[in-house]
Structures are given as C-alpha cells and as structure tokens.
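Notes to accompany the following structure.
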Amino acid sequence: MLLSTLFSISLALAGTVSAATVPETDYDFIVVGGGPAGLSVLSGLSRVRRKTALFDSHHYRNDPTREMHDVIGNDGTPPADFRAAAREQISNYDTATFIDRAVTEITPLDTDDNNTTYTSFEVRDANGTTYTSRKVVLATGLIDVLPATPGLREAFGKGVFWCPWCDGYEHRDQPFGILGTLPHIISSVVEIATLNNDIIAFVNGSYTDDYVNTLEESYPDWEAQIAAYDVKIENRTIESIERIQDGGENTNEAGDQQLDIFQINFTEGDPVIRNALLTNFDTAQRSSLPTDLGLQMVSGKIDVTSYTGMRTSLAGVFAVGDANSDGSTNVPHAMFSGKRAAVYGHVEAAREEMAAAISKRSLSTRALTKEAERAIMSDDLEKIWEKVKA
C-alpha cells in the first residue's frame, strides 16, 4: 500500500514524466510592491535562497501616516523608517534584488503544446526594461478614494484616519468626529466607543429616507444605539476641513496623545471644532495590473479566498496585502499574507523542480518511488503531504 501511494505521489510531483522542464528565467520570483506585504514576501523567499526581485514604485497607502501602531516591536515607528530597516536587513541576502521602478505590464508566457513547460512571465518596468520570472507576487495595495472636500486629503493620516487600531489611541478622550454617510454610523461608533465619548457624526446631507432605510436593514434599533452612546448627528453639507493645530507638533506631556484640532466648515451656519475624525470612504486598487492580467476579483479585491496560499485565479500569480481579498487591511495582515505566499510559492516552485529532475532521469517505477520517498523525507507521509500539496 505504501509503495503504491508513493508511486502515485511521484507521478503527481512529476507531471508529464517524460518531458517536464522548468523555464530559464532572470528570477524565480518577481514581487511588485515595496510595502510591508511585498517586503515580507521578499524576506521569506530570501530565507530559502530564491532569486527574487522586488519592484518598488515608492507609493504606499500608509505613507501619510505619522506612525505605525499595533505592530508588535514597531509601535510608534514611522512607516518610512520601518521600510528602510526592512530593506537594509533583507539586503544581506544575496538572492534579493531591489529595483526602484514601477511595473507597467506583466505578460504570461505560454507553455508548449504538450503543456510540459511550467508557466513563466515577462515583466516590463516604467523604463521599458523587461525581465522574466517563474512566479509573480502582487503586493500592489489600495488607494483611499477621498472626496474632493478642501483640506481633507491634506489632513488624511494625521488626525484624520480610517483605522481606530492604527491611530485611535493617540486621540483618546478627545472631541471626536465621524465622516461618512448615515449607514456607516453604528459600525464606526462601535469601533471607537471605548476611546471617545464626545462624538459627532458628520453625515454630509445623507440623513435622508433612503439612507435611513438602508441603515435600518442592518440596525433596526439604530436610533436607540445612537442615543445610548449620546452620539450627535450633524447633517449639514461640509464645505471644508481646516487644520487649526498639528498633533505631530503638539502632544500631551507624556507624548502619547496627539493634539490635532480641526475646524469643520459648512455651507451654512457656524463651524464645529473636533480633535480627530474617523473616515468611511471607498478604496480602489492602486494598480491596473490585476485587471490587465484578468484576475478574478471579489468586492474590488484580488480573489485569493477561493484558492490556497494567497494564489490567484491565474497560475503562478499570488496576491498579498491590502490588494487581496483575505479580509484585513493592516500591517500585521500584510506581513502574514506575504510570508504565506512566500512559503506556498517556494514549495510550488520546488515541486516543479522535483518533477523536472525526476523526469530527466527517466527513472524506473521502483526508482521513482524511492525518489519520492527521499524527497518527502518523513515517516509521517500524510502530514507532510497535506502541508505541501496544493
């Protein structure tokens, strides 16, 4: 029974035993994106000596943020400092390459007629230079789609933020505001209720029958919940958001509270003063590469939840970080997803190499069985197979 199972595994590993080959490429992996997700991929692949190039356009979603928080060991670290330290450490691995240019095009290179050569990719950068790679990892991220309200974009990430875990603690116990349409109120209040109790929801004219009906579908008792938290609703149309004080330069004595002050101006009536604002706005893919490659999407994210190991709908392409559908958008998730893609990608590449090595030797059935047994290197066959199989 064991020999039969091992023979089946060896065939699965080998693919078409007589002719499988691994394409010759410039790199084993190309990673597109130099934020925490892409850096995590590069680190993981470097640790197993995979020749990998990371392309960095130097556009990052958290770039406007003063500091990262809730990142163990890096609480309070500016994002640029975090990236610089990561790059310096990863540069110690001789298989890692940084290319500081954007990627404009990725083209899958077809297999041969017998489908016995594994897929590879041609990658073109902003200078028109092309590179080839066996695998591609997209760490291309998202952008926040902000309204054109004057002053909002300038304040974003510095007292105006979308993640309470990232920036909320530094604005605890301060007069607080929520920006967004009426249906966003309850979820936002729940997120910040332990941090702030003087809360105004600025719904910007969205307190209408249609929005009320939408909110009541999810929260039939929303008015009671709003009253329980003493949240005030401000429905006037916002004209601009004006910074009065910069919390990066003004903190409490302990240095753990940022004392921003904003004046919210309306098209009519008196302005309102708040120290911080939580936003509820849409996001979009930063890069067109996922669409250009025809990747399956779900709710505007690259679908990886229908597959394993951060794989996408296109063989050989992985997606990590905010751009994917794995459920979270934060630095710890980005690093987790990057490490997971590195592990699965490395094992996938190793299986291809193993299959090619076995097929080139034209081994007998008995020898194939022994080869598979040596490759797996474990008495607990099922446990290891479950760990590495796709």
Side-chain angles (χ1 to χ4, degrees), residues 61-66 142-164 166-168 170-193 195-219 221-250 257-284 300:
R61 187 182 183 190
N62 69 351
D63 221 22
T65 304
R66 291 175 179 137
L142 297 176
I143 57 173
D144 293 279
V145 182
L146 302 179
T149 305
L152 176 58
R153 183 168 295 279
E154 292 81 359
F156 192 64
K158 300 174 178 63
V160 178
F161 51 88
W162 60 268
C163 172
C166 305
D167 296 285
E170 286 64 43
H171 297 89
R172 66 195 183 278
D173 302 322
Q174 298 176 5
F176 198 82
I178 298 171
L179 295 177
T181 56
L182 188 69
H184 291 115
I185 290 177
I186 299 301
S187 60
S188 295
V189 169
V190 168
E191 290 177 354
I192 64 170
L195 294 169
N196 306 87
N197 52 32
D198 177 0
I199 303 170
I200 300 176
F202 299 94
V203 298
N204 205 30
S206 67
Y207 200 153
T208 64
D209 289 343
D210 287 342
Y211 278 114
V212 168
N213 292 336
T214 299
L215 180 56
E216 287 181 343
E217 289 178 6
S218 301
Y219 302 100
D221 58 348
W222 70 273
E223 289 179 296
Q225 294 184 49
I226 289 293
Y229 286 107
D230 196 26
V231 176
K232 301 176 180 62
I233 299 178
E234 174 57 76
N235 194 41
R236 287 182 292 168
T237 301
I238 297 174
E239 184 175 63
S240 65
I241 297 174
E242 183 180 353
R243 180 183 292 282
I244 304 300
Q245 181 168 287
D246 189 341
E249 301 172 356
N250 297 270
Q257 277 189 307
Q258 297 170 0
L259 305 178
D260 294 282
I261 301 177
F262 297 99
Q263 178 173 295
I264 294 86
N265 301 310
F266 304 94
T267 54
E268 58 182 2
D270 295 332
V272 174
I273 299 295
R274 296 281 92 179
N275 287 93
L277 296 163
L278 182 71
T279 66
N280 292 275
F281 300 125
D282 290 336
T283 60

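Applying the 6.0 Å contact sphere to CZ of F266 captures more than 12 heavy atoms from other residues, nucleotides or ligands. Few gaps surround CG on N213; more than 12 heavy atoms of other groups in view lie less than 6.0 Å from it.
Annotation: the span from R172 atom CZ to Q174 atom CD amounts to 8.5 Å, rounded to 0.5 Å. The OG1 atom of T208 lies 8.0 Å from the CG atom of N235; values are rounded to the nearest 0.5 Å. The CG atom of L146 sits 10.5 Å away from atom CG of D282, with the distance rounded to the nearest 0.5 Å. Taking CG from L152 and CZ from F262, the interatomic distance works out to 9.5 Å, rounded to the nearest 0.5 Å. Considering CD of Q225 and CD1 of I185, their distance stands at 11.0 Å, rounded to 0.5 Å.
The backbone N or O of G168 sits nowhere less than 3.5 Å from a side-chain atom of N196 that would complete a donor-acceptor pair. For E234 (side chain) and I200 (main-chain N/O), no donor-acceptor pair under 3.5 Å exists by modelled atom type. Checking side-chain atoms of N280 against main-chain N and O of L179 turns up a donor-acceptor pair under 3.5 Å. The backbone N or O of W222 lies less than 3.5 Å from no partner atom in the side chain of E216, so there is not a single donor-acceptor pair. In this structure a side-chain-to-backbone donor-acceptor pair under 3.5 Å is missing from D144 to T283. Judged by distance alone, with hydrogens and angles left aside, the side-chain atoms of N204 form a donor-acceptor pair with the main-chain N or O of I238 at under 3.5 Å.
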(request) Please test E242 against N265 for side chain to side chain contact (heavy atoms under 4.5 Å, CB included), starting from the C-alpha separation and ending with a verdict. (result) CA-CA 8 Å; E242 183 180 353; N265 301 310; 3.6 Å; yes
(message) Go through it in stages, so that I can follow the logic: the residues are N275 and F176, the test is side chain to side chain contact (heavy atoms under 4.5 Å, CB included), and I'd like the CA-CA distance, side-chain angles, deciding distance and then a yes or no.
(response) CA-CA 6 Å; N275 287 93; F176 198 82; over 6 Å; no
(request) Could you check V272 against F202 for side chain to side chain contact (heavy atoms under 4.5 Å, CB included), going step by step and ending with a plain yes or no? (result) CA-CA 10 Å; V272 174; F202 299 94; 3.9 Å; yes
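Taking the side-chain hydrogen bond (donor to acceptor under 3.5 Å, both in side chains) definition, one finds that S206 meets it with nothing, sequence neighbours left out.
Between D260 and the choices R243, R274, K158, the salt bridge (Lys or Arg N to Asp or Glu O under 4.0 Å) rule is met once, by R243.
Taking the side chain as every heavy atom from C-beta outward, D246 and R66 approach each other to under 4.5 Å.
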